[in-house]
Colleague: 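Before anything else, here's the structure in question.
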Amino acid sequence: MTEPLSHPARPDWTAVILAAGRGTRMHSTLPKALHPVAGVPMVRHVANAARGAGFGQIVVVVSPEGEPVAETAGDGAVAAIQTEPLGTGHAALAGASAVGDASTVVILNGDLPLLTAETLAAAAARHAEADATLTFVTAEVADPTGYGRVDRKVGRVHAIVEEADTDADTGAINEINVGLYLAEADWLRGALAALEPSAGGELYLTDIVTAAVAHGTVETYRLANLGEVQQVNDRVELARAEAVMRTRIRERLMRAGVTIADPASTYVDASVEVGADTTLLPGTHLLGATAVGANCELGPNAVLRDVTAGDRVRVGSSTLEGSTLAEDVEIGPYCHLRPGSVIERDVHLGNYVEVKESRIGAGTQIGHFSYVGDARVGQAVNIGAGTVTANYDGERKHRTEIGDGAFIGVDSMLVAPVNVGASARTAAGAVVIDDVPPGELAIGVPARNRPNEGGKPGRG
Ligand code: UD1
Ligand code: CA
């Protein structure tokens, strides 16, 4: 989801997102910034917040293999390469060197997926008002473990003390450094270039606080909403961030008119849209690029991934992937729609129906256990229980076409490639290997065609 652009644009400000760290504590082959939170990679959440706050440019600092990380950040984000992961100060220098003639630089740790555009905009406003050399965001937390502590002397910021360097006094400070900094570009580049390595050999971005204290004023912006603070260093913190994000998404939807019967068992990715007066019943998962219309009822236990659905759609316990549903479609329970399925309006798919890469025309009914693959089914077709499109000959897939108004008898085997013409019928148990002309009846094993005189061909 892209944050709405509701803040004054700051076209000559650049956001620098630090995402070149090793992420050692994740124990993962996937770069930390690409780990999803509510289905959306962390770096994209951070970039969306920066875009929402109206910053003119986004630079993502990545490792030499990290090009996909910058691409994932989305629209217009440019990569700056940190050749070796020598610390956040080193990464920030790589970023600040790539910002061109930006006036102000906003540095963001790439592992803060919960930060909002509102917070970025408010911190930016504070920095501009205070005319500070450096502004950074802090929060007061119950357990400061793992964070840099904000060391103040008579109320004024003096330094940020990293966890590893704390003593009994500084370790007990519960005002922490969130990982968001704002500074004027020229001063920042100089301060970063002058950083000295820490005892562990890293360049700490946090050491610029000391330089800023010596140079001018340091301002802090205290984050009131602790729901934005969570960083992600390991999988435990990833799960915590995930829980906060999922709650936030559900509350946003509920406030916009979506009923969620059991929020705790309902999972909605950050990228999903749901229309008003839609009800999500327990166990429903809306994932990926899914957009659902208004007045729908989904679940219980419906899983929709990359699905577009119109208004008044009903889906019982079913799994739908990569498919498009028009309005007034009714699906399930126990259906499986596989990618490439297009279901037109007023279609009813009943129990145990599997559809793959097929178009099902408006008003068509497939009421009971059936497989429809690589097919084009016309409008107002009735497909009887147990019908199978035999689309695979062991080597290749073949297509089935069924015309408008056709009636497919129970247990029909449609051996593709095959066409069943408009208003044609197949008898119960027919094994259809030849095309059925419009209006004719196919009967037998294998089926032969004869004029369709109505009646009950299955018993004829
Ligand atoms: C950092 C801060 C700490 C703060 C915490 C909260 C420093 C020295 N410490 O600690 O004060 O409380 O964040 O969020 O900055 N990165 C690079 N290149 C590197 C190292 C890191 O790009 O060489 C990136 C990482 O990918 C990550 C971000 O910088 O997105 C922060 O690095 P991380 O290792 O998570 O810093 P913390 O130890 O959490
Ligand atoms: Ca971190």
Side-chain angles (χ1 to χ4, degrees), residues 15-26 28 30-35 37 41-47 50 59-66 69-70 72-73 79-98 107-115 119 134 136-141 143-151 157 159-166 170-171 173-181 191-192 195-210 220 223 226 228-238 240-241:
V16 170
I17 301 173
L18 308 184
R22 282 203 195 98
T24 328
R25 292 163 279 185
M26 295 295 281
S28 180
L30 187 69
K32 179 165 82 171
L34 294 185
H35 278 262
V37 172
M42 241 185 301
V43 69
R44 199 174 181 109
H45 284 291
V46 179
V59 171
V60 187
V61 182
V62 296
S63 72
E65 308 77 48
V69 173
T72 305
I81 308 289
Q82 183 189 17
T83 46
E84 270 182 278
L86 298 177
T88 50
H90 187 253
L93 181 57
S97 309
I107 302 174
L108 287 147
N109 285 358
D111 61 352
L112 300 170
L114 300 168
L115 274 184
T119 292
L134 173 73
F136 68 99
V137 176
T138 76
E140 226 165 281
V141 297
D143 177 11
T145 312
Y147 290 94
R149 314 295 207 279
V150 181
D151 192 12
V157 174
I160 294 176
V161 184
E162 287 306 304
E163 168 96 2
D165 305 325
T166 51
T170 48
I173 298 172
N174 59 5
E175 187 186 5
I176 57 103
N177 170 34
V178 169
L180 165 54
Y181 318 78
L192 291 170
L195 285 176
E196 296 284 343
S198 69
E202 273 185 42
L203 295 177
Y204 285 166
L205 170 55
T206 44
D207 284 347
I208 60 168
V209 171
T210 321
T220 54
L223 201 53
L226 295 182
E228 297 187 35
V229 175
Q230 183 66 60
Q231 62 170 330
V232 177
N233 288 336
D234 61 23
R235 312 266 182 157
V236 173
E237 293 179 329
L238 180 66
R240 282 188 201 140

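Predicted model, so just to flag it, every value in this text is computed and none were measured. Every number for a ligand or one of its atoms is a count from 1 in the order of the listing.
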Colleague: Could you tell me the separation between the CG atom of N109 and the NZ atom of K32, rounded to the nearest 0.5 Å?
Modeller: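 Those atoms lie 8.0 Å apart.
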Colleague: When rounded to the nearest 0.5 angstrom, what distance separates CZ in R25 from CG in N233?
Modeller: 3.5 Å
Colleague: Working to the nearest 0.5 Å, report the span between CG of L134 and OG1 of T220.
Modeller: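 Rounded to the nearest 0.5 Å, the CG-OG1 separation comes to 10.0 Å.
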Colleague: Measure from the side-chain N and O atoms of H45 to the backbone N and O of V37, and report whether any donor-acceptor pair falls under 3.5 Å.
Modeller: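 Present.
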Colleague: Name the residues in contact with ligand 1, where contact means a heavy atom under 4.0 Å away: which are they?
Modeller: L18, A19, A20, G21, R25, K32, Q82, P85, L86, G87, T88, A91, N109, G110, D111, L112, Y147, G148, E162, N177, V178, Y204, T206, Q231, N233
Colleague: Would you give the length of the straight line joining atom OG1 of T166 to atom CZ of R149, rounded to the nearest 0.5 angstrom?
Modeller: 5.0 Å
Colleague: Show me the pairs that pass side chain to side chain donor-acceptor pair (under 3.5 Å) and involve residues 80-92, at least two apart or across chains.
Modeller: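 Matches after skipping sequence neighbours: Q82-H90.
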Colleague: Tell me the protein N, O or S atoms under 3.0 Å from the Ca ion (ligand 2), in chain and number order.
Modeller: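 D111 OD2, Q231 OE1, N233 OD1, with waters left out.
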Colleague: Partners of Q230 by side chain to side chain donor-acceptor pair (under 3.5 Å), sequence neighbours excluded?
Modeller: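 Here no residue qualifies.
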Colleague: Does a side-chain heavy-atom distance below 4.5 Å link S28 with R235?
Modeller: yes
Colleague: Quick check against the 3.5 Å criterion: does E163 have a side-chain atom that pairs as donor or acceptor with the backbone of G146?
Modeller: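 Side chain of E163 to backbone of G146, a donor-acceptor pair under 3.5 Å: yes, one is there.
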